Amino acid sequence: MIDYKSERVMYYKVLVGLLLLTAVTFGLPYIFEAGADLPAQMFIAVIKAWLILMFYMHLKGEKLISVMGIFSLMIVLVFFIIVLVVDVANFQFKDESHITAPQHTTGVTKHVTVPVKH
Amino acid sequence: MSKSYFDETHCAIGHPKSTFMQWMLTVDHKRIGLMYAAVMFTFFFIAVSTALLMRFELFAPGQQFIDGDTFNQAFTLHGVIMIFLFIVPGIPAVFGNIVMPLMIGAKDVSFPRLNWFTFWLYIFGSAIAIASLFTDAGFADTGWTFYAPYSLNTGTNVIFTLVAAFVLGMASILTGLNFLVTIHRLRAPGMTFFKMPLFVWGIYATAWIQLLATPVVGITLILAIMEKYFGIGIFDPSKGGDPVLFEHLFWIYSHPAVYLMILPAFGIMSEIIPVFSRREIFGYRTIALSSASIAGIGYLVWGHHLYTSGMADIAKTVFSLLTFFVAIPTGIKFYDWIATMYKGKIVLSTPMLWAMGTIITFAIGGLTGVTIAMIGVDIHLQDTYYTVAHFHYAMLGGVVFLFFAGMHYWFPLVTGKMYDEPKAKIAFYMQFVGFNLLWFPMFIAGFLGMPRRYFDYLPEFQIYHQFSFFGALLFVAGLVFMFWVFYKGWTKGEKVGPNPWHATTLEWHMPTSPPPLENHSKVPYVDFDPYEYHHGEPVVKFDYETMRRID
Amino acid sequence: MSNTLEGFNSQAATFAADVDQAFWINFWISIILFLSVVVPMIYFAWKYRADKVKNEDICKVTHNTSLELAWTLIPTAMLFVLFYYGYTSMKVLRTMPAESQSIVVHVEGKKWSWNYTYPANKSGYVHKTAELYVPKDQNIILKMTAPLNDVLHAFYVPAFRMKEDVVPGRITKQWFNSEVIGTYDVECAEYCGTRHSYMYSKVHVIPRTDYDEWFESKKRTPGAPDVTISKGQELYESNGCAGCHSIDTDAVLVGPSLKGIGAKYDAAYLKDAIVNPDKDIPEGFTAGVMPPFTLPDADIDEIINYFNNTDKGKELYEANGCAGCHSIDSDAILVGPSLKGIGAKRDAAYLKDAILHPDKDVPEGFTAGVMPPFTLPDADVSEIIRYMQSAK
Amino acid sequence: MAHEYIPEISTDRDGTEHVVQGWQDDFYGGKLGFWLFMFTEVLMFGAMFLVLTYYKMLHPADFVAASASLNRFLGGTNTVILLVSALTMGLSLLKMRAGDVKGAKLMIWATIILALMFLSIKAVEWTAEYNHGVFLGLDALQSGNPHSKPFGEILFFGMYFTMTGIHGFHIIIGIGLMVWLLKRINAGKVSPEHHILHWNIALYWDIVHLIWVFVFPYFYMIGAASGGTGGH
Ligand code: HEA
Ligand code: HEA
Ligand code: CUA
Ligand SMILES: [Cu+2]
């Protein structure tokens with residue numbers, strides 16, 4: 001049988017931690033410039049996720065499952081890196097493409113080039 | 001007379017009296033495997049018929065029997081059935097179910113009821129796919145790749161097909177999950193990972209791909225459905241979407257999927273080669289680990305389908321480089337198999353003939369894959385018949401051929417009977433010759449610039465298509481003959497004992513033939529390697545009552 | 001519609017040789033690797049066949065480090081060679097020349113036709129064509145796209161070994177430089193629906209002078225007749241064709257009328273009909289009446305050009321891709337209805353509406369939303385309508 | 001099912017006995033299986049985040065603008081609700097393992113109520129968006145009409161409705177699972193000795209929550225600093 005009392009204390013402690021981090025999530029944007037804080041936000045989210053995984057989901061001490069989980073995450077990471085860093089970041093002819101803004105092409109093409117919005 | 005799994009079974013819900021309901025509700029992994037085979041086989045004939053229809057249409061330039069739209073639906077139907085209904089579930093669902101638990105000495109898979117549910121999920125998905133044939137809008141005409149924005153614009157019933165592919169994907173995920181847990185938890189005591197038969201390694205690697213690649217295509221299809229149904233913007237360029245992103249997501253799954261198809265097939269090869277060479281396999285560990293590394297590297301190379309899509313040149317280079325790395329472990333496997341034959345005692349039974357035939361055809365399929373992995377060359381060959389020939393050599397000449405090899409190899413295990421060997425060999429030769437005649441000319445046509453998914457073509461290519469047509473006829477004739485041989489074998493064949501091939505792995509050490517409901521009478525202790533032969537005879541022998549070693 | 005794949009096995013672009021070299025290097029390496037697997041396999045299967053081997057002689061070797069290293073490292077080395085050639089051949093294909101030293105042509109691929117827009121010439125005239133004309137030995141950059149509401153296509157010229165998708169919303173580019181005068185087929189290599197297999201076009205590589213002359217003119221195509229009598233017409237008349245064939249009426253003289261013949265048959269057929277008139281006889285005529293003509297190829301092409309000669313309406317009809325979906329000289333239903341004899345059936349106002357707002361009034365048996373609305377100047381629309389009315 | 005578990009021992013050649021793991025009653029196997037299932041969820045949402053990030057790279061400004069129009073306070077409340085519900089679910093499992101079946105059931109009920117609150121708030125948000133003309137199928141998210149939003153915003157909202165929708169769907173499934181769990185507890189099929197189902201449903205609830213941990217800042221917070229209180 002498990003130690004109910006101490007486990008419960010752990011649950012509450014983690015909850016407090018999570019709530020604090022949520023508060024930080026809320027506060028952060030007022031420090032950064034609009035849209036620039038995403039990495040920081042995601043970093044906080046990762047800490048929160050780690051807390052949930054380790055304590056709420058009892059991953060602590062589960063070697064096999066952790067290894068499998070890390071493997072799965074690595075794969076997602078690789079998808080991100082390849083698609084975003086390797087392909088999109090090197091998006092060719094970006095400035096000539098009208099992918100970032102609507103343009104009405106009908107009939108004979110008029111090649112309007114719309115600069116990318118930043 | 002002892003009872004086999006044909007005589008009794010466990011059911012998912014209650015225990016119905018009628019034999020039919022017992023089959024419908026069975027949770028026995030062997031029966032489920034057989035039911036998969038029966039269903040796939042039925043779909044299979046639909047796909048083969050559409051293939052023949054295409055071949056008839058392509059017999060000469062100009063319109064022959066069907067119009068362009070019908071042709072487009074035909075190759076979509078052919079591709080969708082072949083990929084999602086047949087070859088992706090194929091070997092894992094049939095042989096993974098039937099023999100994998102036997103090989104590791106388990107009584108069943110880890111979640112037998114989930115296995116039953118998965119089977120019905122598969123049937124449900126297939127039913128949706130087939131149902132769209134009968135709706136007004138008709139079967140999708142997008143090709144099996146569902147490229148946006150075409151799939152978002154076309155008037156045909158793409159939603160059904162997308163939903164079907166999603167449901168089938170779920171079934172595939174659940175199969176993989178079940179096998180992964182089974183392999184981790186239910187191996188007989190003593191059987192470490194490096195004592196597992198190589199087929200189990202193939203299934204293991206495949207299960208990971210099923211688990212970790214299928215969700216990506218699943219969600220991609222959901223996004224496409226959302227977009228088509230609710231009109232939101234995700235991939236449609238008229239709403240700002242980028243079709244190339246769709247291609248990325250599609251191939252993130254669909255490239256690993258090709259290794260998902262081939263790895264269990266390689267597993268079958270690794271079973272057959274040592275048994276019919278009567279000696280231990282050469283380089284067990286390298287074969288096992290190469291399965292794992294093919295699965296791993298296979299995740300990173302999807303971009304070789306996007307060389308002409310408008311992707312960044314740097315990405316093309318990276319993908320090309322990575323793609324070549326897949327060929328290395330595959331090559332290692334091939335050389336290991338050949339080395340296994342060295343100074344063995346080679347028995348040319350039908351399974352061995354199929355295996356050797358596949359070494360030839362898959363080598364062609366794989367090496368032409370290497371051709372189109374070269375970026376500059378693929379820019380010329382992409383979406384031509386060269387690619388089509390490549391993947392038929394890999395899928396038909398690799399996976400399906402090995403599937404057939406497995407069918408011959410495990411036929412006595414499953415049925416307890418033997419088919420007619422000489423006739424089966426004739427069927428092999430017909431199909432081998434027919435296959436090469438069917439697809440080899442297509443390499444040339446493709447190299448000369450015959451694009452794929454063309455229902456009409458320029459007269460220069462006629463000669464190749466005509467060769468191909470006759471090859472297809474010969475091939476299908478051999479196919480029908482082979483199934484006839486199986487049918488005869490099952491109904492009239494001679495009864496055989498549990499181990500007709502002198503094999504060593506556990507599935508051949510059953511108390512009865514065909515096997516009883518709960519597999520081995522006792523779980524054996526495994527303190528031996530999977531392919532131990534001494535002077536051409538299996539080393540390990542069991543007392544089938546207690547499953548203790550008696551050698 | 002093109003009926004022959006012209007120049008499919010020639011290496012007509014500067015980089016075609018690089019691609020082919022890469023392919024053949026791969027081919028020979030593949031042969032070596034293939035044999036390294038298959039030859040030992042067949043040899044072992046024969047040498048160690050069951051009835052020849054005694055059980056005691058079966059060998060037990062399961063490892064041989066140097067052998068294993070060899071069959072890992074040697075193929076790996078070969079793969080690096082292949083990667084290198086794949087990469088370098090890609091590099092030449094994908095390294096765009098400077099725009100200042102090239103002709104930049106905008107390519108639009110749409111269901112189911114190609115059209116090309118040239119930069120303005122000295123007099124500010126912009127050529128729009130249905131086939132691509134380029135001078136020999138000149139860098140050409142293609143900037144390609146598709147309308148936003150269209151689908152993917154791929155611009156594929158087998159003779160040049162080049163291909164790249166045409167993506168709505170994106171600009172993709174290709175370049176080439178052809179050293180061989182000739183005509184090469186363009187195929188659409190990305191599946192795009194009903195008429196994917198008919199989405200052909202052509203690249204004409206022509207001498208520099210011809211190109212320049214055309215480019216600075218307002219002629220529809222190089223070699224198209226100017227206001228004055230064209231070379232083709234001259235040949236047509238000087239060779240006495242006119243004696244047997246009428247060209248601007250339907251009257252049957254000795255042979256069939258050639259009115260609109262250019263639209264009915266492709267160049268190869270017509271050439272054949274001039275050089276080998278007896279090979280393929282139209283119904284109702286007998287062989288042996290028309291003599292075979294032995295003319296230089298160039299002259300025959302001129303005559304065929306003359307056959308193809310039409311007005312502005314036809315030019316617009318083709319440049320806008322109408323022909324991709326509508327047949328005009330037969331009843332065949334491609335995607336939209338046949339427009340044969342449409343002038344007799346519908347009035348001009350209706351036809352104008354049908355082009356500008358196709359979904360307003362949809363003929364029976366067709367669905368709305370297939371034909372895109374065209375935004376064309378009124379003058380162009382009337383030209384197209386005139387052409388439709390004239391084509392009976 | 002008639003498959004009874006007969007404990008088995010296999011004996012090696014030295015006579016040493018080894019316990020055989022049967023598929024029945026395999027607690028660890030059940031847990032492993034469920035974790036594997038959750039990896040597929042991670043990949044599904046991972047792929048959607050990939051799409052989202054892809055378009056964010058192409059349309060950074062539009063994304064900020066669109067995000068600014070979401071109601072951060074409702075979203076934040078929902079975050080807190082989910083956090084608390086993760087706690088109640090965790091406690092219910094804890095009580096079950098400690099033998100307090102009644103307490104466990106109570107905690108499950110609490111979780112269900114929190115889940116329903118989450119859904120109601122979501123409904124309020126979506127209704128507000130609908131009233132502002134931003135919703136699936138409405139003009140603002142189509143192209144080529146006077147109400148059309150810029151591409152980046154169309155894409156942002158496309159993904160917003162899809163991802164929060166799919167997440168909401170997971171919540172609904174979760175409620176269903178919890179009701180089922182209660183039934184199984186009442187039927188005595190889930191008990192302190194036999195709680196794999198409870199364990200797995202608790203895991204499920206955590207993963208649903210875990211996904212929200214990423215969804216929330218990605219959609220609601222990137223536009224926070226660009227002024228405005230947010231909310232329609
Ligand atoms: C079972 C399925 C299967 C398998 C196993 C493979 C295996 C491989 N495939 Fe194939 N492929 C497909 C199915 C498969 N493929 C399908 C279905 C498509 C098209 C889908 C569509 O567009 O509809 C496709 C398309 C495809 C493309 C894209 C073509 C295009 O659209 O332009 C490419 C490009 O790189 C490619 C490459 C490869 C490579 C490098 C391998 C390698 O894994 C091959 C490795 C094998 C060998 C190399 C041969 C054996 C080894 C030796 C004989 C030893 C010595 C040799 C060496 C060491 C080199 N494949
Ligand atoms: C497993 C995959 C598979 C298999 C086996 C085949 C088999 C065949 N295919 Fe297939 N084909 C595809 C997958 C496959 N194909 C795919 C993915 C495409 C691309 C579609 C697209 O473009 O979207 C394609 C496209 C394709 C085209 C190109 C269409 C085009 O681009 O225009 C053509 C043209 O002739 C063709 C013909 C054939 C023929 C004649 C066969 C014959 O060889 C058929 C003979 C049949 C068999 C050899 C199978 C026998 C197996 C069994 C009977 C199984 C038994 C099962 C159990 C017992 C459980 N196929
Ligand atoms: Cu355009 Cu295919
Ligand atoms: Cu691939």
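Bear in mind that the values here come from a model prediction, so they are computed numbers and not experimental data. Quick note on labels: first sequence line is chain A, next is B, and so on, each numbered from 1.
- No more than 12 heavy-atom neighbours from other residues, nucleotides or ligands sit within 6.0 angstrom of NZ on K189(D).
- Among V216(B), L180(B), L186(B), the residue with the largest count of heavy-atom pairs under 4.5 Å with chain D is L186(B).
- Residue with the most contacts toward chain B among G33(D), G30(D), G46(D): G33(D) (heavy-atom pairs, distance under 4.5 Å).
- Using a 4.5 Å cut-off between heavy atoms, L211(B) touches chain D through backbone and side chain atoms alike.
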Determine, stepwise, if the pair Y54(D) / L249(B) fulfils side-chain contact (heavy atoms from CB on, under 4.5 Å). CA-CA 12 Å; Y54(D) 187 100; L249(B) 291 171; over 6 Å; no
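- For the set I9(D), D26(D), L50(D), I166(D), the entry with the most heavy-atom pairs within less than 4.5 Å of chain B is D26(D).
- In this structure, L223(B) and M48(D) approach most closely via the heavy-atom pair CD2-SD, 4.3 Å.
- Minimum heavy-atom separation, H59(D) to G240(B): NE2-O, 4.4 Å.
- Using a 4.5 Å cut-off between heavy atoms, F235(B) touches chain D through backbone and side chain atoms alike.
- Listed here is the closest heavy atom pair of S10(D) and P524(B): OG-O, 3.9 Å.
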With side-chain contact (heavy atoms from CB on, under 4.5 Å) as the criterion, how do V51(D) and L245(B) come out once you've worked through the C-alpha distance, each side chain's angles and the decisive distance to 0.1 Å? CA-CA 8 Å; V51(D) 175; L245(B) 176 61; 3.8 Å; yes
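- Interface residue R185(B): backbone and side-chain heavy atoms are both found under 4.5 Å from chain D.
- The contact between I173(B) and chain D is made entirely by side chain atoms (from C-beta outward), counting heavy-atom distances below 4.5 Å.
- Within the 4.5 Å cutoff, no side-chain heavy atoms of I232(B) are placed close to those of Y160(D).
- Comparing I154(D), L155(D), L32(D) by how many heavy-atom pairs each has under 4.5 Å with chain B, the most go to L155(D).
- In the displayed structure, F193(B) atom CZ is contacted under 6.0 Å by more than 12 heavy atoms of other residues, nucleotides or ligands.
- No more than 12 heavy atoms of other residues, nucleotides or ligands sit less than 6.0 Å from atom OH of Y229(B).
- Residues satisfying the ring-ring contact (aromatic ring centres under 6.0 Å, His included) test with H167(D), not counting sequence neighbours, are F118(D), W212(D).
- Of the atoms belonging to W116(B), not a single heavy atom falls under 4.5 Å from chain D.
- Heavy-atom neighbours of F117(B) CZ from other residues, nucleotides or ligands within 6.0 Å: at or below the threshold of 12.
- For L517(B), no part lies under 4.5 angstrom from a heavy atom of chain D.
- Contacts of V217(B) with chain D are absent, with no heavy-atom separation under 4.5 Å from either backbone or side chain.
- Side-chain atoms of Y55(D) come within 3.5 Å of backbone N or O of I234(B) as a donor-acceptor pair.
- Proximity to chain D (any heavy atom under 4.5 Å) is shown, for L174(B), by neither the backbone nor the side chain.
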Run L177(B) and F37(D) through side-chain contact (heavy atoms from CB on, under 4.5 Å) and show every step you take. CA-CA 7 Å; L177(B) 186 155; F37(D) 168 75; 3.7 Å; yes
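- Taking all atoms of both residues into account, the shortest heavy-atom contact from V181(B) to G29(D) is CG1-O, 3.6 Å.
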